[in-house]
Amino acid sequence: MPFPEFDFLLNSSLVIALISIIALFFVPVKLKSGIAIAAVFINVLLTSFVAITVLTGNTIDLLFCAGNLWGDIPIKIDGLSAWFILIINFTSLTGIIYGKGYLKAYNETSPKLTSHFIWYILFHLSMVWVCMLQHGFAFLVAWEIMSLSSMLLVIFDYNNPKIVKAGMNYLVQMHISVLFLTLGFLWVYTQTGSLNFEAIGTFFSGNYNVWLFLIFFIGFGLKAGFIPFHSWLPHAHPAAPSHVSGVMSGVIVKLGIYGILRIISFLKADFIVIGEIVLILSLLTGIYGILLSAVQRDFKKMLAYCTIENIGIVGIGIGLGLMGLGNNSSILCFLGFGGALLHVLNHSLFKSLLFYSAGSVYQQTHTRDMEKLGGLIKSMPRTAGLFLIGAIAIGGIPPFNGFVSEFLIYSGILEGVKSASISQTSLFALTFAGLSVIGGISILAFTKTFGTIFLGVAREKLHHKPHEVSLTMLIPQYTIVAIMLCVAFVPQFFLIPVNNIINSLFFSPLALEPISLVNYSSIIVNISIYSALFILMVLMIWIIRSRVVKTQPVAIRATWGCGYVAPNNRMQYTGKSFSKPFSKIFNFLLIEKKQYSELKNKEIFPKKRSYVSVYHDFFEYRLIKKITNRILYTANYFLFFQNGRTQSYVMYGILFIIVLMVLTFLNIIK
Amino acid sequence: MLSLLLILIAAAFFSGIIVRTKSIASGRKGPGVFQPIKDVIRLFKKGAVYSETTSIIFRIAPTIYFASVVMAILVIPFDESKGIISFKGDFIFFAYVLALGKFFNIIAAMDTGSSFEGMGASREALFSMFAEPAFFILMGSLALLTGHTSFQEIFYSLHVGSYISYAITTLATFVLIMITMIENSRMPIDDPKTHLELTMVHEVMILDNSGFDLGLILTTGYLKFAMYGALIVNLFIGMVPYQYSIPMFFIIQFIIAVVVGLIESFMARFRMGHNAQYIFALTSVSLLIFFGVLLVLEKFV
């Protein structure tokens, strides 16, 4: 083996995980979080070392001997794996540190905490291994460990039936995903006789590419949250504790993207068709995600829908890259895939930041309903600032990092518009407009959320007065902001590895002329200079303003109430009314259901009554629910099988064996 | 550099001309052309009243709003001279920087905890969201037509085409004027002179601003007008030498201001509930431009 030390590093990370898992059982409650952080931290260091070596040097190839059953399992860490491993590591680390502060209130329930931390350590390692394994079944095992451990992390608060239900929903959907992935790998196996990833390439060079790609795309798309496979996200994310939702949204979802990119790297033909499919679906995903995000009351659900939107943006980048491959335009390929990879990083940063700061709000107020909040900027100024930074960055607005990746994707579209065929030109123009709409709606969604939660005055009296959260919870968020600023102001540092990844993944050394992303980096660097200029300008005007205002009289009075003298806090403009005109326009997609009882004719002294309005997910309500209801209805007819009598169950077993024997006897199965 | 100077000069008289046109159209004499500037200077000298519910967001928002528009102006080219900021795809930067200012404007309105300022904020967010695709398809089509992706190169190489390109320019002018009206909250979309908070868009958002901050917001409004005016001017001048293009700049700006004044004098505002649809209809005009460009490039076979 050429790199024995990497072998050693990976093995020792497994050993450390094992030791810490055992240790977690025995240490007192106070030390548990410390042990978990230490274990994750060491694993992060070990695997990041491997990943950074790969990004700066060459691909690592290892072979794990796994006995006769599976044969040798190839492990390959190339630039793509390394890029995702680094993202996983960073977010997992911030997640566990934030989680220490977040879970402080649960210190007395030690068994919950023990299992939580065990799952977290496993979860982190399984994600890293998903990025490294190059063997179909080994990959699926790691994938399954990842899904199961994350499901167990989601149902941390398992006493709450709603949360368990969300967890089950997640579990079921993840297994549909596994079903498709298994199907894909088996198909490749029947055609080529190998489960190694390289065999996928062999398959693609001999067969029509689209169908197998679609099977994998559905499998990975379920994880990533492309519509119509997104419906687990808005249930699982709000149910999970906030650090877990931050990591889930920041990373797990991205592993779906990793899978799709990995499959794309094996594609041999039909790029245009696949590119068009991915592009259209991503555009719809982006618009749909942000549409629903703008009308939610539950701020964690809002963030979950916003994740769907960002997956759409990443997908647009991937679609552009595919079109670039199909049209032999290397610049389009670089801009598309480069934008997608960078947006994966960016989104993992600002989405985890948003989930953490939203979690801080939840920890202090114990509600996820933004209409009950308000004015939190006064009691939690740091959290408010962090949320604001995340909100601006996620809208793709300069001077933060979101703009860099969105700009790459926009530039890619402008490059693609020039393409020869009219259908492609029109598709690109549509994508261009669609992306701008996504940007516009995301401003609406985030001004609404930020404004309702943090600004104005409190709408309802809370059980206890909210305070700023502890430093343990703030430090990870500051770190994330620091990295975000790095992406925004030193983009070349991130563009060079992205460039190398794309080069090694999609271009053989003798391919067409390598116009690379690095050419574009001068523009991106310029943008960061302009962003700095902008910040400088704001500071200058602010200083001038402060100078002038200092000399002038300032009075503090009530808000202008249009002459009305007795306004109360409930009269503030609500988030719901903020997005109402918007939701009315899109009522064909945003299904609003209201529950209320009208005043009856003879009701002279009306009692207290309630009014509830909920927005349903179009796909879940109109499509998935219909299908599952049908299945349940049909399954009802077979209820007599499950009659609760042990005797019948034994009989089923005997019948099964008899049938097997008969079939073997008749030579029907061999 | 040149464009910045020209826009600053134009901004000084633009709003004055609108007010004057409206006065004359309604049979009054009206204030002088520089009255808006005098108003702003007076505001800069005045003290301020802040609402007790507001936070730092409310105070910093006008500054960021102002800075964002200045930043956007730096992108605008004029004739041969590039804007101070010019790169491939700079119009994306232009749109997104403006969005930052809008973002702060909106949350500043929410910061007052008022029962109507959120209304304006909501409308502003909605309308500008709908105006976005029109602008992007327009710029995308022009980029496709000229083969360039920065403002200066697009405008500079625009006027060499056939007759269809005149049609395209006409439509583009219409789209840009409408976007100007939307972004500046002017007449067919928003009535700046309305006295009812319920029917305001921009005005209701700044109800609680006073003193220096209000001055900044008003100045930003003037600058914004002149900025969009300069964009429209750029559509027309192309490669004309400076001695003609600079007078043309002022003439066209003057015409736009008069047109805005006349629209405000003789048109009623669109119904508030249908505003979004009207704005979205602009996108279809942009699509017409796009198809026009496809025609010019002979992509229809």
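To find a chain, count down the sequence lines: A is the first, B the second, and so on, and within it residues start at 1.
- Put simply, the side chain of B:Glu117 does not reach to within 4.5 Å of the side chain of A:Tyr573, judged on heavy atoms.
- Both the backbone and the side chain of A:Lys418 come within less than 4.5 Å of a heavy atom in chain B.
- B:Ile57 touches chain A through its side chain: at least one heavy atom from C-beta onward sits under 4.5 Å away, while N, CA, C and O do not.
- Nearest approach of B:Ile106 to A:Phe578, heavy atoms of both residues: CG2-CZ, 3.9 Å.
- For A:Phe450, the part lying under 4.5 angstrom from a heavy atom of chain B is the side chain only.
- Within the 4.5 angstrom heavy-atom criterion, only side-chain atoms of A:Glu406, from C-beta onward, approach chain B.
- Counting heavy atoms from C-beta outward, B:Phe44 and A:Arg545 have side chains that stay 4.5 Å or more apart.
- The shortest distance between side-chain heavy atoms of A:Leu414 and B:Ile92 falls below 4.5 Å.
- In this structure, the separation between OG1 on B:Thr54 and CD1 on A:Ile556 is 6.5 Å, given to the nearest 0.5 Å.
- Put simply, the side chain of A:Thr447 does not reach to within 4.5 Å of the side chain of B:Met110, judged on heavy atoms.
- Of residues 381-391 of chain A, those residues lying under 4.5 Å from chain B by any heavy-atom pair are A:Leu388, A:Ala391.
- Contact annotation: the side chain of B:Leu126 approaches that of A:Ile585 to within less than 4.5 Å [non-hydrogen atoms, C-beta and beyond].
- Checked against the 6.0 Å centroid threshold, B:Tyr96 and A:Phe407 do not count as a close aromatic pair.
- The shortest heavy-atom contact between A:Met571 and B:Ser115 is O-CB, 2.9 Å.
- With respect to chain A, the highest number of heavy-atom pairs below 4.5 Å among B:Ser68, B:Ser210, B:Ala108 belongs to B:Ser68.
- Residue B:Ala109 does not touch chain A at all, counting heavy-atom pairs closer than 4.5 Å.
- Two residues are said to be in side-chain contact when any heavy atoms from C-beta on lie closer than 4.5 Å; B:Ser122 and A:Ser579 fail this criterion.
- With contacts defined as side-chain heavy-atom distances shorter than 4.5 Å, the pair B:Leu74/A:Tyr530 does not qualify.
- A:Thr551 does not touch chain B: none of its heavy atoms, backbone or side chain, sits under 4.5 Å away.
- For residues 423-436 of chain A, the interface with chain B (any heavy-atom pair closer than 4.5 Å) comprises A:Thr425, A:Ser426, A:Ala429, A:Phe432, A:Ala433, A:Leu435, A:Ser436, sorted by residue number.
- Contact annotation for B:Ala99: both backbone and side-chain heavy atoms come within less than 4.5 Å of a heavy atom of chain A.
- A:Tyr410 pairs with exactly one of B:Phe93, B:Phe94, B:Phe136 by the ring-ring contact (aromatic ring centres under 6.0 Å, His included) rule, that one being B:Phe136.
- Interface remark: A:Val437 contributes backbone and side-chain atoms alike to the contact with chain B (heavy atom separation under 4.5 Å).
- For A:Lys584, no part lies near chain B; criterion is any non-hydrogen pair under 4.5 Å.
- In summary, the side chains of B:Ser114 and A:Thr559 do not present any donor paired with an acceptor at a separation below 3.5 Å, with no hydrogens or angles considered.
- In terms of heavy-atom pairs under 4.5 Å with chain A, the best-connected choice from B:Leu297, B:Asp213, B:Ile84, B:Val97 is B:Asp213.
- With a 4.5 angstrom heavy-atom cutoff, B:Phe291 does not touch chain A via any of its atoms.
- In this structure, B:Met129 CE and A:Ser442 OG are separated by 10.5 Å, a value rounded to the nearest 0.5 Å.
- The parts of A:Ile441 that come within reach of chain B are both its backbone and its side chain, each placing non-hydrogen atoms under 4.5 angstrom from that chain.
- Expressed to the nearest 0.5 Å, how far OG1 of B:Thr53 lies from CZ of A:Arg557 amounts to 14.0 Å.
- Under the 4.5 Å side-chain criterion, counting only non-hydrogen atoms from C-beta, B:Ser55 is in contact with A:Leu455.
- With a 4.5 Å cut-off on non-hydrogen atoms, B:Asp111 touches chain A through its backbone and its side chain both.
- For chain B, the nearby part of A:Phe403 is the side chain; its heavy atoms alone come within less than 4.5 Å.
- For A:Val538, the parts sitting under 4.5 Å from any heavy atom of chain B are the backbone and the side chain alike.
- Most heavy-atom pairs under 4.5 Å with chain A: of the set B:Ile137, B:Ile56, B:Leu100, this distinction falls to B:Leu100.
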